[in-house]
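The structure appears right after this line, and notes come after that.
Reminder, nothing fancy here: chain letters follow the sequence lines and each chain counts from 1.
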Number of protein chains: 2
Amino acid sequence: MQKVFQALSSQPRRKILAYLSATSLTAGEIAAYFDMSKPALSKHLGILENAGLIGREKKGQFVHYSLIPDNLTNTLTGFAQEVCPVTRPIRKDSEKIAEDNAEDNKK
Amino acid sequence: MQKVFQALSSQPRRKILAYLSATSLTAGEIAAYFDMSKPALSKHLGILENAGLIGREKKGQFVHYSLIPDNLTNTLTGFAQEVCPVTRPIRKDSEKIAEDNAEDNKK
DNA sequence: TAAGCATTTAGCTTATTAGTTAAATAAGCA
DNA sequence: TGCTTATTTAACTAATAAGCTAAATGCTTA
């Protein structure tokens, strides 16, 4: 989860995911969309891969990258649900505080 | 959007949002949950506020912070949808239903 | 007014991140 | 083999982020 949110905190990396949303692309094809050196792009790809957001498949001298949607959507919707509606450990704490505060206000 | 993802890239900040999921809290109450100095916590709160994820209301000498869910959910679900047009978890459900139905039809 | 508490700002240090260029690895082909 | 292309790794620099302590701000209350 930390790795996913960390990976998503960079605009270039979010853009990479968007480029991969409909097709897989080679490292070079992706790099062509950015005004950035190839080593820099490669590093971004490594971070996304390490976060489990994209996968790589070597085909000859090319490396094809493709989206792994599960981890992304699970993390994003999971967190949105924890914070907005739904039950989770920290939310229990929050509810308890709310109760205590309500009781304090009665006095 | 950049500000939101940037804000969410920190575990303490995500935890703050979770603590605020069911109630508003003062800066001091929030700080009590973390092993971190109050100035450091205050900085995190400032980042979350600047990203439009939480709001502050001064009441006397206390500052009450509360969640602003809209920006969070809009950003997260918006991005998830941009990258994976149909979210994976629901599609999994759909696929499972299809399997079950196929099996039912055999009998 | 003075003292005390809650919170934030200032100034500083250290760690992490993002980018660069140059070199390494690995595959394809004359 | 030797040359070219695709990609990654290494080594480095500069900018950003996260934490600390000390001080400032602002409200409350004696």
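Helix bend of the helix from dT1(C)-dA30(D) to dA30(C)-dT1(D): the angle between its two end axes, each built from five pairs, comes to 10° after rounding to 10°.
Side-chain atoms of Asn71(A) do not come within 3.5 Å of backbone N or O of Val4(A) as any donor-acceptor pair. Although no hydrogens or angles enter the test, the distance criterion places a donor-acceptor pair under 3.5 Å between the side chain of Gln2(B) and the main chain of Ser9(A).
One finds the CG atom of Leu67(B) at 9.5 Å from the CG atom of Leu48(B) (value rounded to the nearest 0.5 Å). We find the OG1-CG distance between Thr77(B) and Asn74(B) to be 5.5 Å, quoted to the nearest 0.5 Å. Taken to the nearest 0.5 Å, the CG atom of Leu45(B) stands 11.5 Å off from the CG atom of Leu53(B). Between the CG atom in Leu17(A) and the OG atom in Ser10(A) there is a gap of 9.5 Å [rounded to 0.5 Å].
For the side-chain hydrogen bond (donor to acceptor under 3.5 Å, both in side chains) test, no residue two or more places apart in sequence or in another chain qualifies with Gln11(A). The side-chain contact (heavy atoms from CB on, under 4.5 Å) search around Gln61(A) returns none, not counting sequence neighbours. Phe34(A) pairs by the side-chain contact (heavy atoms from CB on, under 4.5 Å) definition with Pro12(A), Lys15(A), Ile16(A), Tyr19(A), Ile30(A), Met36(A), Leu41(A), not counting sequence neighbours. Every residue two or more places apart in sequence or in another chain that forms a side-chain hydrogen bond (donor to acceptor under 3.5 Å, both in side chains) with Lys3(A) is listed here: Asn50(A).
Side-chain atoms of Leu76(B) and Leu8(B), non-hydrogen and from C-beta on, do get closer than 4.5 Å to each other.
Here chain A contacts DNA chain D (any atom closer than 4.0 Å to a heavy atom, that is under 4.0 Å), and the contacts span dT5(D) to dT9(D) from 5' to 3'.
Ala40(A) comes within 4.0 angstrom of a base, heavy atoms only.
Atom-to-atom, NZ of Lys59(A) to C1' of dG28(C) comes out at 17 Å; the value is rounded to the nearest Å. Regarding Met36(A), its CE atom lies at a distance of 16 Å from the C1' atom of dT21(C), rounded to whole Å. Whole-Å rounding puts the Gln2(A) CD to dT17(C) C1' distance at 13 Å.
Within residues 7-17 of chain A, no residue approaches DNA chain D, by heavy-atom distance under 4.0 Å.
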**Study point:** Under 4.0 Å protein heavy-atom contact, by nucleotide of nucleotides 4-10 of chain C - B base, S sugar-phosphate only
**Key:** BBSSBB-
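Residue pairs that meet the ring-ring contact (aromatic ring centres under 6.0 Å, His included) test with at least one member in residues 46-84 of chain B, sequence neighbours left out, are Phe5(B)-Phe79(B). Screening residues 35-44 of chain B for side chain to side chain donor-acceptor pair (under 3.5 Å), with sequence neighbours left out, gives Arg13(B)-His44(B).
Close to dT20(C), at under 4.0 Å from its OP1 or OP2, lies a side-chain N or O of Ser37(A).
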